[in-house]
Amino acid sequence: MSLFTYDASRALYDRAGMSIVGGVNSPARAFKSVGGDPLFVTRAEGCHIWDADGNRYIDYIGSWGPMIAGHAHPEVIAAVTGTAQSGTSFGVSTEAEIQIAEKIRSMVPSIELLRMVNSGTEATMSAVRLARGYTGRSKIIKFAGSYHGHGDSFLIKAGSGALTLGVPDSAGITHGIASDTLVAEYNNLESVQKLIQANKNEIAAIIVEPVVGNMGTVPPLSGFLQGLKKLIAKSGIVLIFDEVMTGFRLARGGAQELYDITPDLTTLGKIVGGGLPVGVYGGKADIMKCLAPLGPVYQAGTLSGNPLAVAAGLATLNLIDNAEVYTRLENSGKMLEQGLLQAAKNAGISITINRVGSMLTVFFTSGPVTDLSSASRSDTIKFSRFFRGMLNRGVLLPPSQFEAMFISLMHDEDAIKTSIKAAEEAFMEC
Ligand SMILES: *Cc1c(COP(=O)(O)O)cnc(C)c1O
């Protein structure tokens with residue numbers, strides 16, 4: 001085991017704190033829930049990432065989802081640098097925007113029309129506004145522990161960063177907005193049914209992560225997603241699948257393909273931008289046509305459909321648009337899952353692993369983990385010891401119990417075996 005030092009990262013963190021609030025541009029990067037100072041990265045390639053001290057890690061953050069093809073993939077880099085030669089933004093339409101829209105529609109057939117934005121947050125905010133405009137109703141249902149970006153309406157029992165920082169509800173959200181967000185329990189149809197009954201003709205949309213990634217990986221129990229769709233049949237409620245994390249990750253067509261459910265609207269982000277800032281929302285044409293310039297719901301963006309972002313996204317989608325990719329990711333995921341389970345068993349540590357394809361979370365609880373309350377039973381102290389143990393052996397995990405590890409196409413057998421070997425030792429330190 002090499003001895004890792006973090007002096008350069010620590011110095012950068014100190015300097016960052018003088019200009020950037022909290023030293024980071026997104027709270028999850030602060031490593032608050034696992035202790036120690038956050039890393040500063042200098043470069044990444046394939047499944048590896050290097051920090052400012054020159055330490056090399058096998059990376060399971062994957063930029064929190066986008067890097068399915070691996071870091072600095074030559075085709076993505078060539079697309080971005082080639083496009084940049086012709087200018088970085090025009091504020092006027094390009095043919096590449098049509099190409100990526102056609103590509104997205106061919107991979108996610110429930111999307112008849114779409115609109116590009118600059119982040120997952122923008123996509124979910126806009127999709128909910130659209131659902132409200134379309135239905136003329138105000139309220140939405142979301143699930144406890146789900147994260148849909150940092151839009152005001154969603155920061156009620158939000159997952160991930162909000163969970164680990166112990167701020168389940170953000171300050172600065174007005175009472176009016178909070179009262180329009182109803183919270184149901186994931187994998188619990190009865191909790192949804194009760195809210196629908198108590199708010200007849202008032203609910204515009206249900207927004208759901210079809211596989212939750214933001215309280216750690218939590219898959220839908222058999223019949224849950226089908227049940228949701230049944231519950232809202234003829235209710236006028238718009239079903240929004242937030243596939244910002246699962247889109248293009250779990251299958252070509254995302255979770256909706258994997259579980260064979262057609263939502264009314266879908267939000268995308270992360271992979272669709274190939275590492276540049278992109279969000280997308282789309283779905284049924286009659287709903288989408290309520291958007292300006294065709295309809296009364298306004299939504300716009302100076303940099304929406306930005307040429308560099310579109311180039312990176314399109315190159316990434318081209319790389320993953322075949323079934324073999326998902327077989328390979330499944331095999332890598334299974335190998336890692338089995339290795340981690342065995343390593344924990346050998347160390348006498350009780351864990352539950354939830355995994356769907358290349359998305360996986362090691363929960364430090366005997367489980368099962370099916371919703372926010374069962375996820376919350378995890379021993380986060382043990383997780384932070386595990387995180388540190390892995391980091392010091394050259395494996396970078398997402399710095400929170402309530403996040404998913406992401407496997408890319410560049411995580412080969414070697415990388416996974418090395419990760420399992422590190423885990424065998426790290427579990428011993430938990
Ligand atoms: C990451 C994420 C978002 C927010 O996307 P940003 O690009 O970070 O704004 C929304 N929904 C889900 C399910 C996500 O995982």
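Both counts, for ligands and for their atoms, begin at 1 and track the order of listing.
Glu112 and Lys284 are not joined by a salt bridge, as no carboxylate oxygen comes within less than 4.0 angstrom of a charged side-chain nitrogen. The existence of a salt bridge linking Asp37 and Arg10 is confirmed by a sub-4.0 Å separation between a basic side-chain nitrogen and an acidic carboxylate oxygen. Taking 4.0 Å as the cut-off between side-chain N and carboxylate O, Arg355 and Glu330 count as a salt-bridged pair.
Gln256 is listed as a side-chain neighbour of Pro263, based on a closest heavy-atom distance under 4.5 Å.
Heavy-atom contacts of Asn214 reach the following atoms of ligand 1: 12 (C), 13 (C), 14 (C), 15 (O) (cutoff under 4.0 Å). Counting atoms of ligand 1 from 1 in the listed order, those under 4.0 Å from a heavy atom of Gly149 are 3 (C), 4 (C), 10 (C). Within ligand 1, the atoms closer than 4.0 Å to a non-hydrogen atom of Asp242 are 10 (C), 11 (N), 12 (C), 13 (C), numbered from 1 in the order shown.
When heavy-atom distances to ligand 1 are checked against a 4.0 Å cut-off, His148 comes that close only through its backbone atoms N, CA, C and O.
For the pair Gly120 and ligand 1, the shortest N or O to N or O distance falls below 3.5 Å. At under 3.5 Å, a nitrogen or oxygen of Thr121, whether backbone or side chain, sits near a nitrogen or oxygen of ligand 1.
Taking 4.0 Å as the cut-off, Lys270 counts as a neighbour of ligand 1 on heavy-atom distance.
For Arg377 (side chain) and Ser366 (main-chain N/O), no donor-acceptor pair under 3.5 Å exists by modelled atom type.
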